[in-house]
There are 2 protein chains.
Amino acid sequence: MIIDEVEVCDDCCVHSDAVKNAADHMPPDAALYSVADLFKVFGDATRIKILYVLMENEMCVCDIAEVLGMTQSAISHQLKTLKQSRLVKFRRDGKSVLYSLSDDHVHTMIAQGMEHICE
Amino acid sequence: MIIDEVEVCDDCCVHSDAVKNAADHMPPDAALYSVADLFKVFGDATRIKILYVLMENEMCVCDIAEVLGMTQSAISHQLKTLKQSRLVKFRRDGKSVLYSLSDDHVHTMIAQGMEHICE
DNA sequence: TATACTTATGAACAGATGTTCATATGTTAA
DNA sequence: TTAACATATGAACATCTGTTCATAAGTATA
């Protein structure tokens, strides 16, 4: 049996009502890709570390680099990603740029993740 | 000034107390990598779609494949990833293997993510 | 303005990731 | 047991991703 160019089994198609139901309750594709992209941002140890550091203090780029033992460039690149996802905000303070967490979602998200792996 | 093989600025090192504080409050590296890995699993649209489908019904592999319009192989590979992260569980039912969500963490995590992108 | 300092960015490279294809494994029914 | 069905898996391939290196852009001080 061929449906939408994809070959599927016959017995399973007995569940076609379930298939239909699931398809109907699916959020729009754009939303699904957006959430996936958001999680992708959390899906890197360096970025998680940066977020943890910023939970303690507002911090400049080179301080973060020092805490993590990484280059300024690497941190700056990652901060750009975090900015684009609106997970961190920033303000200029003289020569430095001070980064901090955008809102409480970051706390909540990470806490939720930690909870899962600690079970 | 050189610290730990990484060059850092001098002015920023005025914040060395903040640096020290942040470093002290950092969870162990293993935990950080584990959370990142968990988020990485959520960081793919196909896997997000699979999880959404499983919110509605317990489902077999080829039904999921049909809903998403993807090959059985692609879905099976992704289900393996989801199993390894304990996000889905499964049981055999005759020839089929029925997959379902492991626990409520999945709901909570995705809801949290959705909330963030909808702001 | 000139210099030093802090951050941002583009290109390049290596390693990771998702899908496909072919096929193996496992289950049921004839 | 044999045939048909459902799922799992390994290898290969193209794409994506994170870091490095070099350097540009922006800011403050002499």
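Below, chain A is the first sequence line, B the second, and so on; all start at residue 1.
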Undergrad: Determine whether any donor atom in the side chain of Thr46(A) lies under 3.5 Å from an acceptor atom in the base of dT19(D), or the reverse, and answer yes or no.
TA: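 A donor-acceptor contact between them is absent.
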Undergrad: What is the distance from OH of Tyr33(A) to P of dC16(D), rounded to the nearest Å?
TA: 12 Å
Undergrad: Is the ring pair Phe39(B)/Phe39(A) parallel, tilted or perpendicular, if the boundaries are 30 and 60 degrees?
TA: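 The arrangement is parallel - the two ring planes meet at less than 30°.
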Undergrad: Could you check whether Lys89(B) makes a cation-pi contact with Tyr99(B), meaning its NZ or CZ is under 6.0 Å from the centre of the six-membered ring and within 45° of the ring axis?
TA: no
Undergrad: Which protein N or O atoms sit under 3.5 Å from an N or O of nucleotides 25-29 of chain D?
TA:
{"unit_1": "dT27(D)", "atom_1": "O3'", "unit_2": "Gly94(A)", "atom_2": "O", "d": "3.4"}

Undergrad: Would a distance-only check, ignoring hydrogens and angles, find a side-chain to backbone donor-acceptor pair under 3.5 Å from Asp103(A) to His105(A)?
TA: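 Yes, the answer is positive, given that a donor and an acceptor are paired below the 3.5 Å cut-off.
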Undergrad: In whole Å, what is the span from the NZ atom of Lys40(A) to the P atom of dC16(D)?
TA: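 Spelled out: NZ on Lys40(A) to P on dC16(D) is 9 Å.
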Undergrad: Could you tell me whether the side chain of Thr71(B) has a donor or acceptor atom within less than 3.5 Å of a complementary atom in the base of dC21(C)?
TA: no
Undergrad: Please report the distance, rounded to the nearest Å, between CG in Asp44(B) and P in dT15(D).
TA: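 It is 17 Å, rounded to the nearest whole Å.
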Undergrad: How long is the gap from CG on Asp93(B) to CD on Glu58(B), to the nearest 0.5 Å?
TA: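 One gets 7.5 Å once the value is rounded to the nearest 0.5 Å.
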Undergrad: Scan for ring-ring contact (aromatic ring centres under 6.0 Å, His included) pairs involving residues 47-84 of chain B, sequence neighbours excluded, and state none if there are none.
TA: none
Undergrad: Just how far, in rounded Å, is P of dT9(C) from CD of Gln72(A)?
TA: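 Computing the Gln72(A):CD to dT9(C):P distance gives 11 Å.
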Undergrad: With a 4.0 Å heavy-atom cut-off, tell me which residues in residues 74-86 of chain A come close to DNA chain D, sorted by residue number.
TA: Ala74(A), His77(A), Gln78(A)
Undergrad: Starting at CE of Met59(B) and ending at C1' of dA6(D), how long is that distance when rounded to a whole Å?
TA: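 My rounded result for the distance is 16 Å.
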Undergrad: Where is the tightest heavy-atom contact between Val41(B) and Arg47(B), given as atom of each residue plus distance?
TA: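 Minimum heavy-atom separation between Val41(B) and Arg47(B): O-NE, 2.6 Å.
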Undergrad: Report the nucleotide, chosen from dA8(C), dG18(C), dA8(D), that has the shortest atom-to-atom distance to any side-chain atom of Val97(A).
TA: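 Nucleotide nearest to Val97(A)'s side chain: dA8(C).
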Undergrad: Between the base of dT9(D) and the side chain of Ser73(B), is there any donor-acceptor pair under 3.5 Å?
TA: yes
Undergrad: Using side-chain heavy atoms (C-beta onward) and a distance below 4.5 Å, is Met70(B) in contact with Gln78(B)?
TA: no
Undergrad: What are the two closest non-hydrogen atoms of Val53(A) and Ala22(B), and how far apart are they?
TA: CG1-CB, 4.1 Å
Undergrad: Of all the choices, dT19(C), dC21(C), dT7(C), which nucleotide is nearest to the side chain of Met70(B) once you look at every atom?
TA: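 The nucleotide sitting nearest to the side chain is dT19(C).
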Undergrad: dG26(C) C1' sits how many Å from Phe90(B) CZ, rounded?
TA: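 To the nearest whole Å, that distance equals 13 Å.
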Undergrad: Is Tyr99(B) close enough to dA6(D) that one of its side-chain N or O atoms is under 4.0 Å from OP1 or OP2 there?
TA: no
Undergrad: Looking only at N and O atoms, is any donor in the side chain of Ser96(B) or the base of dC5(D) less than 3.5 Å from an acceptor on the other one?
TA: no
Undergrad: To the nearest Å, how far apart are Ile64(A) CD1 and dT6(C) P?
TA: 14 Å
Undergrad: With rounding to the nearest 0.5 Å, note down the distance linking OG in Ser34(B) to NZ in Lys40(B).
TA: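 It is 11.0 Å, given to the nearest 0.5 Å.
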Undergrad: Restricting to non-hydrogen atoms, name the atom on Thr46(A) and the atom on Leu68(A) that form the minimum distance, rounded to 0.1 Å.
TA: O-CD1, 4.2 Å
Undergrad: Find the distance Leu68(A):CG to dT20(D):C1' and express it as a whole number of Å.
TA: 17 Å
